[in-house]
Engineer: 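Take this structure first; my questions come after.
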Amino acid sequence: MREGNIGRFILDQITEGQLDWAPMASPYDLMILEGPVAERSSPCTVEANSTSRALRRSSPRRKLSLTTPHKFGLLTRFLSPSAEHLPRAWPRSCSSSGLPPELQAVLSYIFPHLRMVPNGHSRMLIFSFFLYSVGTTLSHTTFSMHALLVDHYIQGAYYPRGGSSEIAFHTIPLIQRAGGAVLTRATVQGVLLDSAGRACGVSVKKGHELVNIYCPVVISNAGVFNTYQHLVPESVRCLPDVKKQLAMIRPGMSMFSVFICLRGTKEDLKLQSTNYYVYFDTDIDKAMDRYISMPKEKAPEHIPLLFIAFPSTKDPTWEDRFPDRSSMTVLVPMAFEWFEEWQEEPKGKRGADYETLKNTFVEASMSVVMKLFPQLEGKVDSVIGGSPLTNQYYLVAPRGAPYGADHDLARLHPYTMASLRAQTPIPNLYLTGQDIFTCGLVGALQGALLCSSAILKRNLYSDLQALGSKVQAQKKKMK
Ligand SMILES: Cc1cc2nc3c(=O)[nH]c(=O)nc-3n(C[C@H](O)[C@H](O)[C@H](O)COP(=O)(O)OP(=O)(O)OC[C@H]3O[C@@H](n4cnc5c(N)ncnc54)[C@H](O)[C@@H]3O)c2cc1C
């Protein structure tokens, strides 16, 4: 989110420059090897800061840099949106010309093949940094996805000043000034179709009533699965094109969250705005496969990796708003199946067994936290666990997968990328957000740009480039 970055530039436009970004500490990401694996290997941390990402071991020769993926990321940044602008026929003609295998050799299969070289899985450790950014293990994702993320984060990591709610807070006035309205607690029950099968509005739940809102174009940000499996009428769900698109993708990794409130400021508790990636294995692909297929009773003792962050430390306004308090979030990968049996039960009434299972994951996470941050002993005010069902309820994330469709080889295949686009098989119905590009704030923003381009039938990336040049020229003039 450094000035000059494309994501920052788009956000500046939609928030009229009112959203401020605070840089995170350096290093902003730290990978920690824990458990038996840490005892077996030499001390190792992976640091990421605004100038480099490097694996540092006791021997300086064992240092891996991420400069190559960064360079490749620059290329991918331009190629990925292009795939969506290409005619639908392109991926089909690629298939028949036999181009994809060569393309995929570069774009897709580097990680699965890297596993096969001697000590490949330990070499992959540094790359697996991004598991929490896309929710897919390296063997199942593409090198280009990774390169895109490295390219994004190599410029540094930032946090919205005032917290993430500021993003919506500063975007809403622009929507309203353009004649739009933003409604909350207004669940869309379904997309309305006219007699010709074109989308013509939405049916919205208002209290116990259903209100129909008619409009010339319907844009769904609810994700591909919610839109195609729940929001469009039954007749549309069986359309061959809809079924074909759904068959190409699957929901991504499910997540369990632990939200912790701490007594004390970041200075009292000696906390940094660094993100911690705690790994209990160097072969994270194998460890994850093993973990996800375990019975739920055993899983909490075998968590292969954890993400720990202190959001309060990232926001310069936090202490004014919440004096003497700090916040911590822990994310744990999950199999949705472990919680599936309670999905029909209402929130808050899922019973003792559900609470017990949740607590075992909370306790397992907290024991790691206390080992790594012993200064927090006696400082915990409250702890709340959020299961995949919590994500399903609050984020409307199918199967508790907050990053939408899995960023696996099938989804990132050029054919899928070019097929799964903003324009749906239903006239006047468009998709936007993370499923159209990639997950994350900037990924979802790119999805919005692609969607707007499709509706307006013009390439908004060109408009953005022209606007960027104009702004630069104005800035130069003012100097
Ligand atoms: C704990 C956590 C931490 C994260 N950290 C980061 C981070 O540091 N950086 C980053 O870039 N990304 C992060 N992400 C990922 C990021 O939040 C998502 O990738 C991004 O929000 C996706 O944006 P979206 O607009 O596509 O979808 P969403 O943000 O999921 O928005 C979809 C919206 O549609 C609404 N909706 C769904 N169905 C209906 C319906 N029927 N009627 C009405 N509304 C409906 C949902 O309520 C939701 O508000 C994080 C995610 C999580 C869960």
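Order of appearance sets the numbers: ligands from 1, and atoms from 1 within every ligand.
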Engineer: Output yes when a protein non-hydrogen atom is found under 4.0 Å of atom 35 (C) of ligand 1, and no otherwise.
Structural biologist: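 Neighbour list for atom 35 (C) of ligand 1 is empty of protein heavy atoms (cut-off 4.0 Å).
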Engineer: For the residue pair Tyr393 and Trp342, is the inter-centroid distance of their aromatic rings smaller than 6.0 Å?
Structural biologist: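 No, the ring centres sit 6.0 Å or more apart.
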Engineer: Of the protein's non-hydrogen atoms, which lies at the shortest distance from atom 13 (C) of ligand 1, and what is that distance?
Structural biologist: Gly440 CA, 4.6 Å
Engineer: Does the protein place any heavy atom closer than 4.0 Å to atom 42 (N) of ligand 1?
Structural biologist: yes
Engineer: Select the closest option to atom 1 (C) of ligand 1 among Leu331, Leu395, Asn391, judged by heavy-atom distance.
Structural biologist: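 Nearest heavy atom to atom 1 (C) of ligand 1 lies in Leu331.
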Engineer: Is there at least one pair of N or O atoms, one from Leu441 and one from ligand 1, spaced under 3.5 Å apart?
Structural biologist: yes
Engineer: Would you say Val188 and ligand 1 have an N/O pair spaced under 3.5 Å apart?
Structural biologist: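 There is such a contact, yes.
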Engineer: With a cut-off of 4.0 Å, which atoms of ligand 1 are near a heavy atom of Ala222?
Structural biologist: 37 (C), 38 (N)
Engineer: Does any part of the side chain of Met366, heavy atoms only, come nearer than 4.5 Å to the side chain of Val380, both counted from C-beta?
Structural biologist: yes
Engineer: In terms of residue, atom name and distance, what is the protein heavy atom nearest to atom 28 (P) of ligand 1?
Structural biologist: Asn221 ND2, 4.6 Å
Engineer: Does the side chain of Ser139 come under 3.5 Å of the side chain of Thr137 through a donor N or O and an acceptor N or O?
Structural biologist: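 Looking only at side-chain atoms, Thr137 and Ser139 do not form any donor-acceptor pair under 3.5 Å.
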Engineer: Below 6.0 angstrom between ring centroids: does that apply to Phe256 and Trp338?
Structural biologist: no
Engineer: What do you think, any protein heavy atom under 4.0 angstrom from atom 32 (C) of ligand 1?
Structural biologist: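 Yes, at least one protein heavy atom sits under 4.0 Å from atom 32 (C) of ligand 1.
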Engineer: Based purely on interatomic distance, does Tyr403 place a nitrogen or oxygen under 3.5 Å from a nitrogen or oxygen of ligand 1?
Structural biologist: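 In this structure, Tyr403 places no N or O atom under 3.5 Å from an N or O of ligand 1.
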Engineer: Report yes or no: do Thr136 and Thr141 form a side-chain donor-acceptor pair below 3.5 Å?
Structural biologist: no
Engineer: Can you check which of Asn226, Val396, Leu445 brings a heavy atom nearest to atom 47 (O) of ligand 1?
Structural biologist: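 Residue with the shortest heavy-atom distance to the ligand atom: Val396.
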Engineer: Any idea which protein heavy atom is nearest atom 23 (O) of ligand 1, and the distance to it?
Structural biologist: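 Protein heavy atom with the smallest distance to atom 23 (O) of ligand 1: Ala444 CB, 3.5 Å.
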Engineer: Please confirm whether Phe373 and Tyr276 have ring centers closer than 6.0 angstrom.
Structural biologist: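 Yes; Tyr276 has its ring centre under 6.0 Å from that of Phe373.
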Engineer: State whether any protein heavy atom lies less than 4.0 Å from atom 15 (C) of ligand 1.
Structural biologist: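 Under the 4.0 Å cut-off, atom 15 (C) of ligand 1 does have protein heavy-atom neighbours.
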Engineer: Answer yes or no: is there a side-chain heavy-atom contact under 4.5 Å between Leu138 and Ile284?
Structural biologist: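 Side-chain contact under 4.5 Å: no.
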Engineer: Under the 4.0 Å line, does any protein heavy atom show up next to atom 10 (C) of ligand 1?
Structural biologist: yes
Engineer: Flag atom 51 (C) of ligand 1 as yes if some protein heavy-atom distance to it falls below 4.0 Å, otherwise no.
Structural biologist: yes
Engineer: Any chance the rings of Phe307 and Tyr279 have centres within less than 6.0 Å?
Structural biologist: no
Engineer: Counting each atom of ligand 1 from 1 as listed, which ones have a heavy atom of Gly433 under 4.0 Å away?
Structural biologist: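 Within the 4.0 Å cut-off of Gly433, ligand 1 contributes 26 (O).
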Engineer: Looking at Leu149, Thr438, Asp29, which hits side-chain contact (heavy atoms from CB on, under 4.5 Å) with Ser133?
Structural biologist: Leu149
Engineer: Indicate yes or no: does an N/O atom of Gln434 lie under 3.5 Å from an N/O atom of ligand 1?
Structural biologist: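 Between Gln434 and ligand 1 (N or O atoms, distance only) the closest approach is under 3.5 Å.
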Engineer: We want to know whether Lys243 and Tyr228 form a side-chain donor-acceptor pair, criterion being a heavy-atom distance below 3.5 angstrom.
Structural biologist: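 No, Tyr228 and Lys243 have no side-chain donor paired with an acceptor closer than 3.5 Å.
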Engineer: Tell me yes or no: between the side chains of Asn459 and Ser453, is some donor less than 3.5 Å from an acceptor?
Structural biologist: no
Engineer: Could you find the nearest protein heavy atom to atom 53 (C) of ligand 1 and give me its residue, atom name and distance?
Structural biologist: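 That would be Pro402 CB, 3.4 Å.
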Engineer: Ignoring angles and geometry beyond distance, decide whether Cys439 reaches within less than 3.5 Å of ligand 1 through its nitrogen or oxygen atoms.
Structural biologist: no
Engineer: Going by a strict under-4.0 Å cutoff (protein heavy atoms only), does atom 19 (O) of ligand 1 have a neighbour on the protein?
Structural biologist: yes
Engineer: Within the protein, is there a heavy atom lying under 4.0 Å from atom 4 (C) of ligand 1?
Structural biologist: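 So atom 4 (C) of ligand 1 lacks protein heavy-atom neighbours under 4.0 Å.
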Engineer: Is there a donor in the side chain of Gln272 and an acceptor in the side chain of Tyr28, or the other way round, less than 3.5 Å apart?
Structural biologist: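 Checked: Gln272/Tyr28 side chains show no N/O donor-acceptor pair below 3.5 Å.
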Engineer: Within the structure provided, determine whether Gln13 and Leu174 are in side-chain contact (heavy-atom separation under 4.5 Å).
Structural biologist: no
